[in-house]
Amino acid sequence: MSTGSGPAGGTAGAVFPREHLSGDVLDAARALLGAELVRLPEHPGGPVRTARIVEVEAYRGRDDLASHARMGRTVRNAPMFGPPGHAYVYLVYGMHHCLNVVTGPVGAPAAVLIRAVEPILGIAAMRDARTAAMRRPAALPRDSRLAAGPALVCACLGIDRTASGLDLCDMTSPVHLRSGDAPAIVAAGPRIGIGYAGEPAVSVLWRLADAASPALSRSFA
DNA sequence: CTAATGATGTCCT
DNA sequence: GGACATCATTAGA
(Lines give C-alpha, C1' and ligand atoms only; values in the text may rest on other atoms or scores of the structure.)
Protein backbone atom coordinates (compact mmCIF):
# COMPACT_ATOMS: atom_id res chain seq x y z
CA MET A 1 0.00 0.00 0.00
CA SER A 2 1.73 3.07 -1.21
CA THR A 3 -0.92 5.74 -1.34
CA GLY A 4 -4.39 6.43 -0.09
CA SER A 5 -4.27 3.73 2.55
CA GLY A 6 -5.39 5.88 5.47
CA PRO A 7 -8.61 4.51 6.98
CA ALA A 8 -10.26 7.92 6.96
CA GLY A 9 -8.24 9.45 4.16
CA GLY A 10 -6.45 12.80 4.28
CA THR A 11 -4.17 13.31 7.23
CA ALA A 12 -5.56 10.44 9.28
CA GLY A 13 -2.73 8.22 10.44
CA ALA A 14 -0.34 10.92 11.62
CA VAL A 15 0.86 10.66 15.20
CA PHE A 16 -1.45 12.61 17.48
CA PRO A 17 0.15 16.02 18.27
CA ARG A 18 1.01 16.37 21.93
CA GLU A 19 0.26 20.10 21.88
CA HIS A 20 -3.44 19.28 21.45
CA LEU A 21 -3.26 17.82 24.96
CA SER A 22 -1.15 20.42 26.69
CA GLY A 23 -3.84 23.07 27.27
CA ASP A 24 -7.19 22.97 29.03
CA VAL A 25 -8.61 19.50 29.59
CA LEU A 26 -11.90 20.35 27.83
CA ASP A 27 -10.06 21.43 24.69
CA ALA A 28 -8.06 18.22 24.86
CA ALA A 29 -11.23 16.15 25.29
CA ARG A 30 -12.73 17.73 22.22
CA ALA A 31 -9.55 17.20 20.21
CA LEU A 32 -9.52 13.50 21.10
CA LEU A 33 -12.98 12.89 19.63
CA GLY A 34 -12.47 11.32 16.22
CA ALA A 35 -8.82 10.41 16.88
CA GLU A 36 -7.77 6.79 16.49
CA LEU A 37 -6.58 4.52 19.25
CA VAL A 38 -4.00 2.04 17.97
CA ARG A 39 -3.08 -1.25 19.65
CA LEU A 40 0.03 -2.92 18.22
CA PRO A 41 0.13 -6.76 18.12
CA GLU A 42 0.59 -8.43 21.50
CA HIS A 43 2.26 -11.39 19.81
CA PRO A 44 4.43 -11.50 16.68
CA GLY A 45 2.20 -11.90 13.67
CA GLY A 46 -0.89 -10.79 15.56
CA PRO A 47 -3.28 -8.22 14.16
CA VAL A 48 -3.08 -4.48 14.68
CA ARG A 49 -6.25 -3.15 16.27
CA THR A 50 -7.51 0.36 15.62
CA ALA A 51 -10.63 2.17 16.75
CA ARG A 52 -12.10 5.65 16.53
CA ILE A 53 -12.67 7.56 19.77
CA VAL A 54 -16.34 8.56 19.97
CA GLU A 55 -16.97 9.32 23.66
CA VAL A 56 -14.82 10.92 26.38
CA GLU A 57 -15.08 12.59 29.78
CA ALA A 58 -12.91 15.41 31.15
CA TYR A 59 -11.54 15.27 34.69
CA ARG A 60 -9.86 18.34 36.08
CA GLY A 61 -7.81 17.88 39.22
CA ARG A 62 -7.80 20.24 42.17
CA ASP A 63 -11.17 21.96 41.46
CA ASP A 64 -12.90 18.74 40.41
CA LEU A 65 -14.28 16.58 43.23
CA ALA A 66 -14.96 13.77 40.76
CA SER A 67 -11.30 13.48 39.79
CA HIS A 68 -8.97 10.86 41.19
CA ALA A 69 -6.57 13.74 41.78
CA ARG A 70 -8.88 15.42 44.33
CA MET A 71 -6.90 13.88 47.22
CA GLY A 72 -3.58 14.90 45.79
CA ARG A 73 -0.90 12.65 44.40
CA THR A 74 -1.00 8.93 45.21
CA VAL A 75 0.74 5.89 43.80
CA ARG A 76 -2.26 5.12 41.62
CA ASN A 77 -2.84 8.53 40.09
CA ALA A 78 0.79 9.58 39.74
CA PRO A 79 0.69 9.62 35.91
CA MET A 80 -1.98 12.35 36.06
CA PHE A 81 0.66 14.67 37.49
CA GLY A 82 3.10 13.94 34.68
CA PRO A 83 3.43 15.29 31.15
CA PRO A 84 0.49 15.35 28.70
CA GLY A 85 -0.05 12.57 26.21
CA HIS A 86 0.71 9.75 28.61
CA ALA A 87 -1.68 7.03 29.74
CA TYR A 88 -3.30 6.75 33.17
CA VAL A 89 -4.90 3.32 33.59
CA TYR A 90 -6.66 2.22 36.77
CA LEU A 91 -8.73 -0.69 38.02
CA VAL A 92 -12.32 0.08 38.98
CA TYR A 93 -14.85 -2.07 40.85
CA GLY A 94 -12.15 -4.64 41.36
CA MET A 95 -12.34 -6.05 37.86
CA HIS A 96 -12.43 -3.46 35.10
CA HIS A 97 -9.72 -1.23 33.66
CA CYS A 98 -10.24 2.33 32.44
CA LEU A 99 -7.94 4.29 30.10
CA ASN A 100 -7.27 8.00 30.47
CA VAL A 101 -5.16 10.40 28.43
CA VAL A 102 -3.22 12.79 30.68
CA THR A 103 -3.54 16.46 29.71
CA GLY A 104 -2.23 19.83 30.80
CA PRO A 105 1.22 20.86 31.98
CA VAL A 106 3.33 18.84 34.42
CA GLY A 107 1.94 19.24 37.93
CA ALA A 108 -1.64 19.95 36.76
CA PRO A 109 -3.42 16.63 37.31
CA ALA A 110 -6.01 16.54 34.52
CA ALA A 111 -7.04 13.64 32.30
CA VAL A 112 -9.57 12.54 29.69
CA LEU A 113 -11.34 9.21 30.20
CA ILE A 114 -11.89 7.26 26.98
CA ARG A 115 -15.48 6.03 27.40
CA ALA A 116 -16.18 4.47 24.01
CA VAL A 117 -14.52 3.68 20.70
CA GLU A 118 -15.78 2.37 17.39
CA PRO A 119 -13.81 -0.62 16.01
CA ILE A 120 -12.07 -0.12 12.66
CA LEU A 121 -9.41 -2.80 12.21
CA GLY A 122 -8.72 -6.08 14.04
CA ILE A 123 -12.34 -6.53 15.00
CA ALA A 124 -12.07 -10.32 15.40
CA ALA A 125 -9.18 -9.83 17.83
CA MET A 126 -11.27 -7.32 19.77
CA ARG A 127 -14.11 -9.80 20.07
CA ASP A 128 -11.74 -12.49 21.32
CA ALA A 129 -10.01 -10.17 23.80
CA ARG A 130 -13.33 -8.94 25.14
CA THR A 131 -14.64 -12.46 25.62
CA ALA A 132 -11.46 -13.46 27.42
CA ALA A 133 -11.58 -10.43 29.71
CA MET A 134 -15.14 -10.97 30.91
CA ARG A 135 -15.53 -13.40 33.77
CA ARG A 136 -18.79 -14.95 32.67
CA PRO A 137 -19.78 -16.00 29.17
CA ALA A 138 -21.66 -13.14 27.61
CA ALA A 139 -23.61 -12.49 24.45
CA LEU A 140 -21.70 -10.19 22.11
CA PRO A 141 -23.32 -7.09 20.61
CA ARG A 142 -22.89 -6.10 16.98
CA ASP A 143 -19.36 -5.11 15.99
CA SER A 144 -19.91 -1.36 16.18
CA ARG A 145 -20.81 -1.63 19.88
CA LEU A 146 -18.05 -4.02 20.99
CA ALA A 147 -16.23 -1.24 22.87
CA ALA A 148 -19.20 0.93 23.94
CA GLY A 149 -18.02 1.55 27.52
CA PRO A 150 -14.80 2.53 29.29
CA ALA A 151 -14.02 -0.95 30.59
CA LEU A 152 -14.93 -2.46 27.23
CA VAL A 153 -12.40 -0.19 25.50
CA CYS A 154 -9.66 -1.69 27.65
CA ALA A 155 -10.99 -5.24 27.30
CA CYS A 156 -11.15 -5.07 23.48
CA LEU A 157 -7.70 -3.52 23.15
CA GLY A 158 -5.95 -5.60 25.81
CA ILE A 159 -5.12 -2.63 28.03
CA ASP A 160 -4.37 -3.05 31.75
CA ARG A 161 -2.38 -1.22 34.39
CA THR A 162 0.91 -2.23 32.81
CA ALA A 163 0.03 0.36 30.16
CA SER A 164 -0.21 3.14 32.74
CA GLY A 165 2.43 5.78 32.07
CA LEU A 166 2.91 4.83 28.40
CA ASP A 167 3.49 7.68 25.99
CA LEU A 168 0.43 7.67 23.74
CA CYS A 169 1.96 10.22 21.39
CA ASP A 170 4.82 7.87 20.48
CA MET A 171 3.90 5.63 17.56
CA THR A 172 6.23 2.88 18.82
CA SER A 173 4.23 2.51 22.05
CA PRO A 174 2.10 -0.65 22.13
CA VAL A 175 -0.88 1.62 22.62
CA HIS A 176 -0.88 5.06 20.98
CA LEU A 177 -2.96 7.74 19.30
CA ARG A 178 -3.29 8.88 15.70
CA SER A 179 -5.06 11.87 14.24
CA GLY A 180 -8.52 11.41 12.80
CA ASP A 181 -11.46 13.42 11.58
CA ALA A 182 -13.42 15.40 14.17
CA PRO A 183 -17.13 14.62 14.51
CA ALA A 184 -19.63 16.87 12.74
CA ILE A 185 -21.79 17.23 15.84
CA VAL A 186 -20.56 16.94 19.42
CA ALA A 187 -23.04 16.00 22.15
CA ALA A 188 -22.43 17.10 25.75
CA GLY A 189 -23.87 15.78 29.00
CA PRO A 190 -23.11 15.20 32.68
CA ARG A 191 -20.45 12.66 33.57
CA ILE A 192 -21.41 9.09 34.46
CA GLY A 193 -21.01 7.35 37.80
CA ILE A 194 -19.73 10.23 39.92
CA GLY A 195 -22.75 10.98 42.10
CA TYR A 196 -20.54 10.94 45.18
CA ALA A 197 -18.83 14.15 44.05
CA GLY A 198 -21.84 16.44 44.60
CA GLU A 199 -22.43 19.81 42.97
CA PRO A 200 -21.14 21.27 40.77
CA ALA A 201 -19.18 18.21 39.62
CA VAL A 202 -22.27 16.08 38.93
CA SER A 203 -23.96 18.68 36.72
CA VAL A 204 -21.15 20.08 34.66
CA LEU A 205 -21.37 18.95 31.00
CA TRP A 206 -17.95 17.36 30.65
CA ARG A 207 -19.04 14.17 28.90
CA LEU A 208 -18.53 14.69 25.16
CA ALA A 209 -19.35 12.42 22.25
CA ASP A 210 -19.79 12.14 18.51
CA ALA A 211 -23.57 12.57 18.32
CA ALA A 212 -23.79 10.38 15.21
CA SER A 213 -21.93 7.37 16.60
CA PRO A 214 -23.75 4.07 17.18
CA ALA A 215 -21.13 3.12 19.79
CA LEU A 216 -21.99 5.43 22.69
CA SER A 217 -22.08 3.87 26.15
CA ARG A 218 -25.40 5.54 27.02
CA SER A 219 -27.75 7.95 25.32
CA PHE A 220 -27.59 11.68 25.95
CA ALA A 221 -31.29 12.39 26.64
C1' DC B 1 -37.91 -0.62 27.85
C1' DT B 2 -36.34 0.40 33.19
C1' DA B 3 -34.66 -0.91 37.80
C1' DA B 4 -32.19 -3.77 40.96
C1' DT B 5 -28.15 -6.51 42.06
C1' DG B 6 -23.81 -9.35 42.35
C1' DA B 7 -18.94 -9.94 41.11
C1' DT B 8 -14.38 -8.51 42.71
C1' DG B 9 -9.58 -6.08 44.10
C1' DT B 10 -7.43 -1.83 45.28
C1' DC B 11 -7.30 2.62 47.35
C1' DC B 12 -8.11 5.67 51.07
C1' DT B 13 -9.93 6.79 55.97
C1' DG C 1 -14.07 -1.20 56.68
C1' DG C 2 -16.37 1.62 53.04
C1' DA C 3 -16.46 3.10 48.54
C1' DC C 4 -15.53 2.74 43.81
C1' DA C 5 -15.00 7.13 36.56
C1' DT C 6 -18.48 -0.85 35.38
C1' DC C 7 -20.83 -4.72 33.15
C1' DA C 8 -24.11 -8.35 32.51
C1' DT C 9 -27.89 -10.72 34.18
C1' DT C 10 -32.41 -11.05 36.15
C1' DA C 11 -37.07 -9.58 37.12
C1' DG C 12 -40.89 -6.90 35.90
C1' DA C 13 -43.82 -3.23 33.25
Side-chain angles (χ1 to χ4, degrees), chain A residues 25-26 28-30 32-33 37 51 53-81 86-104 109-119 126-165 168 187-209 214-221:
Chain A
V25 66
L26 281 174
R30 208 173 169 106
L32 284 166
L33 287 176
L37 200 51
I53 297 172
V54 295
E55 181 181 337
V56 298
E57 279 176 1
Y59 287 88
R60 183 135 54 193
R62 195 169 290 128
D63 321 325
D64 185 0
L65 290 182
S67 170
H68 285 173
R70 66 189 180 278
M71 307 287 196
R73 184 181 182 129
T74 64
V75 173
R76 179 175 67 154
N77 68 19
M80 289 183 77
F81 291 77
H86 288 244
Y88 165 45
V89 182
Y90 64 89
L91 187 65
V92 70
Y93 296 112
M95 59 185 84
H96 298 305
H97 297 277
C98 292
L99 170 67
N100 296 255
V101 180
V102 174
T103 74
V112 175
L113 170 67
I114 307 301
R115 280 196 61 88
V117 301
E118 213 172 302
M126 292 186 200
R127 255 200 308 269
D128 293 346
R130 178 185 151 137
T131 299
M134 295 295 154
R135 303 294 193 204
R136 288 179 293 197
L140 287 169
R142 65 179 188 272
D143 286 352
S144 64
R145 295 195 51 80
L146 277 177
L152 299 175
V153 171
C154 288
C156 285
L157 296 179
I159 295 169
D160 62 19
R161 277 171 304 169
T162 65
S164 205
L168 300 173
R191 293 172 293 179
I192 305 295
I194 54 148
Y196 61 89
E199 296 289 357
V202 297
S203 297
V204 98
L205 304 183
W206 288 355
R207 176 183 175 221
L208 304 177
L216 305 188
S217 62
R218 305 191 193 185
S219 74
F220 275 76

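Naming: A, B, ... by sequence-line order, numbering from 1 per chain.
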Response to the item:
Here the distance between atom P of B/dC12 and atom CG of A/Asn77, to the nearest Å, is 7 Å
Discussion item. By the 4.0 Å heavy-atom rule, please label A/Leu113 as base, sugar-phosphate, or nothing.
Written reply: base
Fill in: A/His96 side chain, from C-beta outward: closest of B/dT10, C/dA5, C/dT6
C/dT6
Worksheet, complete the sentence: Side-chain atoms of A/Tyr59 come closest, of C/dA8, C/dA5, C/dC7, to C/dA5
Practice prompt. Please tell me if the side chains of A/Ile53 and A/Ile114 come closer than 4.5 Å, counting only heavy atoms from C-beta onward.
Written response: yes
Worksheet entry | Under 4.0 angstrom between A/Tyr196 side-chain N/O and C/dA5 OP1 or OP2 | yes
Worksheet item: Rounded to the nearest Å, what distance is computed from the CD1 atom of residue A/Ile192 to the P atom of nucleotide C/dC4?
Response: 15 Å
Worksheet item: Base, sugar-phosphate alone, or nothing: which one does A/Ala138 contact when heavy atoms must sit under 4.0 Å apart?
Response: sugar-phosphate
Discussion item. Please determine whether any donor N or O and acceptor N or O are separated by less than 3.5 Å between the side chain of A/Tyr90 and the base of C/dA5.
Written reply: yes
Discussion item. Mind checking if A/Ala197 touches a base, just sugar-phosphate, or nothing, with heavy atoms under 4.0 Å?
Written reply: nothing
Worksheet item: To the nearest Å, how far apart are A/His97 NE2 and C/dA5 P?
Response: 15 Å
Response to the item:
Taking for A/Ala111 and for A/Ala139 the nucleotide of DNA chain C with the nearest heavy atom, the one nearer the 5' end belongs to A/Ala111
Discussion item. Nearest whole Å is fine: how far is C/dA5 P from A/Met95 CE?
Written reply: 14 Å
Item to complete: Give a yes-or-no answer on whether the side chains of A/Arg76 and A/Thr74 include a donor-acceptor pair shorter than 3.5 Å.
Response: no
Worksheet item: Does a side-chain N or O from A/Arg130 land closer than 4.0 Å to OP1 or OP2 of C/dC7, or not?
Response: no
Discussion item. Suppose we call two aromatic rings close when their centres sit under 6.0 Å apart. Are A/His68 and A/Tyr59 close by that rule?
Written reply: no
Worksheet item: Do A/Val54 and A/Val117 come within less than 4.5 Å of each other through their side chains, counting heavy atoms only?
Response: no
Worksheet item: Which nucleotide sits closest to the side chain of A/Met71: B/dT10, B/dT13, C/dT6?
Response: B/dT13
Worksheet item: So what does A/Thr74 touch, heavy atoms closer than 4.0 Å: a base, only the sugar-phosphate, or nothing?
Response: sugar-phosphate
Discussion item. Regarding A/Arg161, tell me which of base, sugar-phosphate or nothing describes its non-hydrogen contacts under 4.0 Å with the strands shown.
Written reply: sugar-phosphate
Item to complete: Using atom CZ of A/Arg73 as one end and atom P of B/dC11 as the other, report the distance to the nearest whole Å.
Response: 15 Å
Worksheet entry | Per A/Arg76 side chain, nearest of listed nucleotides B/dC11, B/dT10, C/dA5 | B/dC11
Item to complete: Select base, sugar-phosphate, or nothing to describe what A/Arg207 touches, counting heavy atoms under 4.0 Å on all strands.
Response: nothing
Item to complete: Could you please name the partner base of C/dA5, counting Watson-Crick and G-U wobble pairs only when both distances are under 3.5 Å?
Response: none
Item to complete: Check the distance between C/dT6's P and A/Leu99's CG and give it to me in whole angstrom.
Response: 14 Å
Worksheet item: Heavy-atom count around A/Arg30 CZ within 6.0 Å, excluding the residue itself: above 12?
Response: no
Worksheet item: Which part of the nucleic acid, if any, lies within reach of A/Arg191 when heavy atoms closer than 4.0 Å are counted: base, sugar-phosphate only, or nothing?
Response: nothing
Worksheet item: Looking at A/Arg191 and A/Ala201, what are the two nearest heavy atoms and their distance?
Response: NH2-O, 3.1 Å
Worksheet item: Between atom CG in A/Leu91 and atom P in C/dC7, what is the gap in whole Å?
Response: 13 Å
Worksheet entry | Separation of C/dA5 P from A/Leu65 CG (nearest whole Å) | 12 Å
